[in-house]
Amino acid sequence: MSGNQRQRLTPSASGGSGSSQELDLVNERVLLLVMESIKWDVRVLCVTASVCRRLRAMAKRLLWRELCLFRAPRITESLSNGVHSSRMSGGWPALAKLLFFCGGCNSSRHFVMPRSKPGHFVTETRFSKTSGRSFLMKRCRNDLLFVSDPCEHRFGDREDDLGAFRGVFRGFRESMTRACLIARQVALEENERCPYCGARVWSMTTAGLVPRNAAKRLGSYDGALEYFVCVNGHLHGTCWLAPLSSDEGTNGQDEGYELNGSDGTGNSSGDDPTVTNGFHDDGFSGLRT
């Protein structure tokens, strides 16, 4: 073999070896097996999605969906109508972030705070479609909305805690809530964005679509809350939480879904829907909006 032939073969051989190693690294089946073996740890998936563009694209297309199905199977089943291959409004990464991340609290036109509270991971969240009904006007009661219990934040020497809550509609584009917003010609907010998908939002206070039951359900005062719904159907809001006596609590039964522990099994426990992420770290670097 001549020297010229050897020179032509050498780059091809080395390139093939490097290509093979890269394919092994990002092989979907390998990654799925690894994630399954660690029970779909959210922190590990965040780190994985931050490594390179190719892994981030794979996480966006496949891995975040699989995490939602594993860690919150019943609520994901309901939101996707049982079609797991379907596209989720706003994207699967946004749904994963909404399930496991409190978006924090910021001042708005109708809810003024001395200072903002940053977002953070939550170790456990309870979502309920019964709570969701309390956020729907009577004409919109056929919509399906899951809303979380408020995440409580201490605020200086105030007697009241600050509550941050979040939620998600199923099929928001076809919902009566969206139809009401459009019929009323409610303008999208200029300075507010969805903390989960980055889309523009409507203020439900501005729209006049905040039922009085919403404050009662949250344990807040009338007029002491504000929440927004984005064009993809993600809800986020803040409220001042009234102090509760030891014998006060939520009455009635909630219809929802539960996810207990770090094993990701969607065990049912009555009608209280709980999502746990299995770890305590703050930060969501793998889910940028």
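This is a predicted model, so every value here is computed, not measured.
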Under 4.5 Å between any side-chain heavy atoms of Arg193 and Arg200, yes or no? yes

Are a donor atom and an acceptor atom from the side chains of Glu226 and His236 found within less than 3.5 Å of each other? no

Distance in Å, Leu31 CG paired with Glu36 CD, rounded so as to fall on 0.5 Å steps: 11.0 Å

Could you check whether the rings of Phe165 and Phe135 sit parallel, tilted or perpendicular, using 30° and 60° as the cut-offs? tilted

Non-hydrogen side-chain atoms of Glu152 and Leu162 separated by less than 4.5 Å: no

Which atom of Cys140 lies closest to which atom of Cys180, heavy atoms considered: SG-SG, 3.7 Å

Is the side chain of Lys97 donor-acceptor paired with the backbone N or O of Cys102 at a distance under 3.5 Å, no angle test? no

So do Phe101 and Arg166 actually touch side chain to side chain, heavy atoms under 4.5 Å? no

Could you walk me through whether Phe100 and Phe121 pass the ring-ring contact (aromatic ring centres under 6.0 Å, His included) test, one step at a time? CA-CA 6 Å; Phe100 304 113; Phe121 266 121; 7.8 Å; no

Is Met88 reachable from Leu45 through a run of hydrophobic residues whose side-chain heavy atoms are each under 4.5 Å from the next? yes

As a quick check of understanding, evaluate side-chain contact (heavy atoms from CB on, under 4.5 Å) for Tyr221 and Cys239, giving each step before the final call. CA-CA 8 Å; Tyr221 310 99; Cys239 64; over 6 Å; no

Answer whether the closest heavy-atom distance between the side chains of Ser80 and Arg65 falls below 4.5 Å. no

Please report the closest heavy-atom contact between Pro211 and Met137, naming both atoms and the distance. CG-SD, 3.7 Å

Side chains of Thr125 and Leu99: does their closest heavy-atom pair fall under 4.5 Å? no

If we only count heavy atoms from C-beta on, is the Ile38 to Trp40 side-chain gap below 4.5 Å? no

Can you list the steps and then say if Leu188 with Trp202 is a side-chain contact (heavy atoms from CB on, under 4.5 Å)? CA-CA 5 Å; Leu188 292 165; Trp202 287 285; 3.5 Å; yes

Sorted by chain and number, sequence neighbours left out, ring pair (Phe, Tyr, Trp, His ring centres under 6.0 Å) with His234 holds for none

Is it possible for you to say whether Leu209 and Leu144 belong to one hydrophobic cluster, with membership spreading through side-chain heavy-atom contacts below 4.5 Å? no

Enumerate donor-acceptor pairs with a distance under 3.5 Å from any side-chain N or O in residues 172-179 to protein atoms, sequence neighbours excluded.
unit_1 : atom_1 : unit_2 : atom_2 : d
Ser175 : OG     : Phe172 : O      : 2.7
Ser175 : OG     : Arg178 : N      : 3.2
Thr177 : OG1    : Asp143 : OD2    : 2.7
Arg178 : NH1    : Arg173 : O      : 3.4

Following the transitive rule for hydrophobic clusters with a side-chain heavy-atom cut-off under 4.5 Å over Ile, Leu, Val, Met, Phe, Trp and Tyr, establish whether Leu62 and Phe70 coincide in one cluster. yes

Would you say Val42 ends up clustered with Tyr196 if hydrophobic residues are merged whenever their side chains have heavy atoms under 4.5 Å apart, either directly or through other cluster members? yes

Side-chain heavy atoms under 4.5 angstrom apart, residues restricted to Ile, Leu, Val, Met, Phe, Trp, Tyr: same cluster for Trp92 and Val44? yes

Looking at OG1 of Thr205 and CZ of Arg109, how far apart are the two atoms once the value is rounded to the nearest 0.5 Å? 9.0 Å

Return the CG to OG1 distance between Asn81 and Thr76, rounded to the nearest 0.5 Å. 12.0 Å

Strictly distance-based, threshold 3.5 Å: is any side-chain N or O of Ser107 a donor or acceptor partner for the main-chain N or O of Met113? yes

Using modelled atom types only, decide if a donor and an acceptor are shared between the side chain of Ser128 and the backbone of Thr130 within a distance under 3.5 Å. yes

Is Leu136 close to Phe169 at the side-chain level, that is, under 4.5 Å between some pair of heavy atoms? yes

Separation of His110 NE2 from Thr238 OG1 (nearest 0.5 Å): 11.5 Å

Out of curiosity, Tyr227 OH to Phe111 CZ, how far, rounded to the nearest 0.5 Å? 14.0 Å

Under 4.5 Å side-chain heavy-atom separation, chaining through any Ile, Leu, Val, Met, Phe, Trp or Tyr, what else clusters with Val112? Say none if it is isolated. none

Do Thr48 and Val34 have side chains that approach each other closer than 4.5 Å (heavy atoms only, starting at C-beta)? no

So, taking the atom named NZ in Lys117 and the one named CZ in Arg154, what distance separates them when rounded to the nearest 0.5 Å? 9.5 Å

Which is it for Cys194 and Cys197 under the side-chain contact (heavy atoms from CB on, under 4.5 Å) test, yes or no, and what are the steps along the way? CA-CA 6 Å; Cys194 175; Cys197 68; 3.7 Å; yes

Taking atom types as modelled, is there a side-chain donor on Glu189 or Ser203 under 3.5 Å from an acceptor on the other? no

